[in-house]
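See structure below.
Computed from a prediction, not measured in an experiment: that's the story for all the values here. Position 1 is the first residue of the sequence, and the numbers go up from there. What's counted below: heavy atoms across the whole structure, side chains too, no hydrogens, waters or symmetry copies. Start at 1 and go down the list; that is how both ligands and their atoms are numbered.
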Amino acid sequence: MSEVINFNKDQNLDRSIVLALERVSQVFRTLLWDYGKQIKLSPIQIQFLVHISAHSKKYSSVSEMARTFNLTAATVSDAIKSLERKGLVQKIVSRRDGRKFPISLTKEGLSMANHLSNWYSPLMEHIQNFPSESREAVFIFLLKLIESLKENRLLEEIKTCLSCRYLAEKSDSKNKQNSYCLLRKVPLNISELRLNCPNFNAATV
Ligand code: SF4
């Protein structure tokens, strides 16, 4: 006889959140595949182009991308070689010893990367229909979930403001505490908190 698992109210909610995230990720995968077919790139090639265009050279080596996307170096290397053959990326050669290091976009790759956000625009059209308070609450929840997953090594190398050493709290003229970036010297509203900041520097625990 199969065992019946009884969840309490909180566990039911948690389980429903996990299932809902899984359903949304299905939409994410479908959109990425469909868009990739149109432009003749695989989903991972699209994600690499977006990553390289959004990060400094330091984070664009094969080993860094393998860590970020939780893939083997061989898998990343194969995808990069394919992008190289398509003329979209190039390896940067060290002037000192001739070794090849980070990967940069070619002119064609940059132009392609500038249009790649089109793949998620159908999802954006739905998200923007919700009130800003709901979207902000969801964003904060997701940022905190990402940080929790990162602490437990289920996610790697996500550079969010929440774990950056430059994040500070400052009082405004009405004595309200607001987030502030000490490096860029700007206040950070919820919508300005970053997920993959090129200036991220991990806070020491
Ligand atoms: S440097 Fe980037 S990640 Fe760090 S607090 Fe400023 S905006 Fe956020």
Inset, instruction - Could you list the residues that satisfy side-chain contact (heavy atoms from CB on, under 4.5 Å) with E136, not counting sequence neighbours? - result: I190
Inset, instruction - In plain terms, say whether K144 and E147 are close enough for a salt bridge, that is, a side-chain N and a carboxylate O under 4.0 Å apart. - result: no
Legend entry - N199: numbered ligand 1 atoms lying under 4.0 Å from its heavy atoms: 1 (S)
Inset, instruction - If you have a sec, work out which protein heavy atom is nearest atom 4 (Fe) of ligand 1 and how many Å separate them, to one decimal? - result: C164 SG, 2.3 Å
Inset, instruction - If you have a sec, work out which protein heavy atom is nearest atom 6 (Fe) of ligand 1 and how many Å separate them, to one decimal? - result: C181 SG, 2.3 Å
Legend entry - atom 2 (Fe) of ligand 1 - nearest protein heavy atom and its distance: C197 SG, 2.3 Å
Inset, instruction - Decide if the gap between the ring center of W33 and the ring center of F28 is smaller than 6.0 angstrom. - result: no
Inset, instruction - Check whether any N, O or S atom of C161, backbone or side chain, sits closer than 2.8 Å to atom 2 (Fe) of ligand 1. - result: no
Inset, instruction - Indicate yes or no: does R29 engage E22 in a salt bridge with an N to O separation below 4.0 Å. - result: yes
Legend entry - For ligand 1, the portion of R184 having any non-hydrogen atom under 4.0 Å away: side chain
Legend entry - SB check E84 K81 (cutoff 4.0 Å): no
